[in-house]
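Contents: one structure, followed by commentary.
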Amino acid sequence: MELPFAESWKIKMVEPIRKSTRAEREQWLKEAHYNVFQLKSEQVYIDCITDSGTGAMSDRQWAAMMMGDESYAGASSFYRLKETITRITGFDYVIPTHQGRAAENVLFSHLVSAGSIIPGNSHFDTTKGHIESRKATALDCTIDEAKNTQLEIPFKGNVDPKKLEKALAENADKIPFIIVTVTNNTAGGQPVSMQNLREVRAIADKYKKRVILDSARFAENAYFIKMREEGYGKKTIKEIVKEMFSLADGMTMSAKKDGIVNMGGFIATRHEDWYEGAKRFCIPFEGYLTYGGMNGRDMDALAVGLDENTEFDNLDTRIRQVEYLAKRLDEFGIPYQRPVGGHALFVDADRILTEVPKEEFPAQTLTVELYLEAGIRGCEIGYILADRDPVTRENRFGGLDLLRLCIPRRVYTNNHMDVIAVALKNVFDRRKEIKRGVRITWEAELMRHFTVQLERL
């Protein structure tokens, strides 16, 4: 008999979590203006708002923190991190930052100007925000198949080569670089194939453009290439990762995801001119070049995390847990972005809350209902996150409206996944009774979903 699957780690420390009553949750959510970002952590039972900085570090990572060198300049921790990044990615120039959006801020300050057009695959909120705040345009060139949540294709995060070619043919002089997000978070944590990265590289070379990988979940993307793309089944994750980055010119990284640290990020590139340009903004925005907003101990933990999380067993355990939750939702007939992504399940709110008009934000309404049901905190990836069109100031309703349930790495057991699934089923069973959603009472101009204030209708 074949042995059942088990995690590739054992639990060494636990943290208590508290169950609350529905009456408590109703009051807390009202005080938070129906924005789950504004809830206190102790008001949450199972926290699936993000996988960013919420993972559990390994014993080797905790041990590495004891070696942290907190020297202001020239810290040995930086050089250990740089050696690891260069070995894994092939990029020689490295600038640490305090997180991924800081890496974008530093690099885009050098590369993006008013009137620029940045084509890519479903730019995530911070990426789009850093582009649009500079009076530039984030041009979505994701394949159309990504909009059909029930369609099963292996690489739904791909860039559409025809859309990209058209963008460059018409606006090459306005395009400083192409950005590819691996995995494609906004499209549902969907991976990008190696073949697609080759196609993007060929188009970039044709128009003499450079390519950046938004690499928060590059290791998970490599896992999907190994499991789904012909010719990669026998390659190691590190071999696949090295090939992925060989097709790019640089990267931004939120290390809080696939680096499995609580805070950190970096820029890495093969081009000295990009490095020299970014240096000018690192020092005033982040700090000196050999710490850039990170502690020495965190750089050492990140070096170990990058090394560990580019091994198959670690990724396999992590993604199988997300697949387990997906199978539970399949049992209940709950629609989500298929096939299941690497870091989260993206529940299709438009298909569930069919009585709630899009102007009343179905995914945010579903987020609210799930929290009220069981104290589970998810995150809207949809019409609120999309912000308003910078020119017309109209809400952007053209994309998907999803409830994202992020699974922190090495934190919850499958018993917690069962609770999430049953709680969502309970909401799903009474979906026809939910006829009204929420209304915005206050919002920021950019990246509004973090601080937006809402009221129930």
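Partner of I407 under the side-chain contact (heavy atoms from CB on, under 4.5 Å) criterion, out of H343, M417, H416: M417 alone.
Note that CZ of F218 is 5.5 Å distant from CE of M251, once rounded to the nearest 0.5 Å.
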_Could you go through R436 and E360, starting from their C-alpha distance and side-chain angles, then the distance that decides it, and tell me whether this counts as salt bridge (Lys or Arg N to Asp or Glu O under 4.0 Å)?_
CA-CA 7 Å; R436 300 301 303 271; E360 295 178 12; 2.9 Å; yes
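Under the 4.0 Å criterion applied to side-chain N and carboxylate O atoms, E26 and R22 are assigned as salt-bridge partners. Using a cutoff of 4.0 Å between basic side-chain nitrogens and carboxylate oxygens, R377 and D47 are scored as salt-bridged. The existence of a salt bridge linking R409 and D258 is confirmed by a sub-4.0 Å separation between a basic side-chain nitrogen and an acidic carboxylate oxygen. Ion pairing between a basic and an acidic side chain is recognised when a charged N comes within 4.0 Å of a carboxylate O; R201 and D249 show such pairing. The residues R388 and E443 are annotated as salt-bridged, a charged nitrogen and a carboxylate oxygen being separated by less than 4.0 angstrom. A salt bridge is defined here as a Lys NZ or Arg NE, NH1 or NH2 lying under 4.0 Å from an Asp or Glu carboxylate O, and R430 with E355 fails to meet this definition.
Residues that satisfy the salt bridge (charged side-chain N to carboxylate O under 4.0 Å, His left out) test with R320, not counting sequence neighbours, are D316.
Of all heavy-atom pairs between S109 and R134, the closest is OG-NH2, 2.8 Å. The two residues I381 and R404 have their closest heavy-atom pair at CG1-CB, 3.5 Å.
Remark: E445 CD is loosely packed, at most 12 non-hydrogen atoms of other residues, nucleotides or ligands lying under 6.0 Å away. Few gaps surround NZ on K163; more than 12 heavy atoms of other groups in view lie less than 6.0 Å from it. Shown here is R439, whose CZ atom has no more than 12 heavy atoms of other residues, nucleotides or ligands within 6.0 Å.
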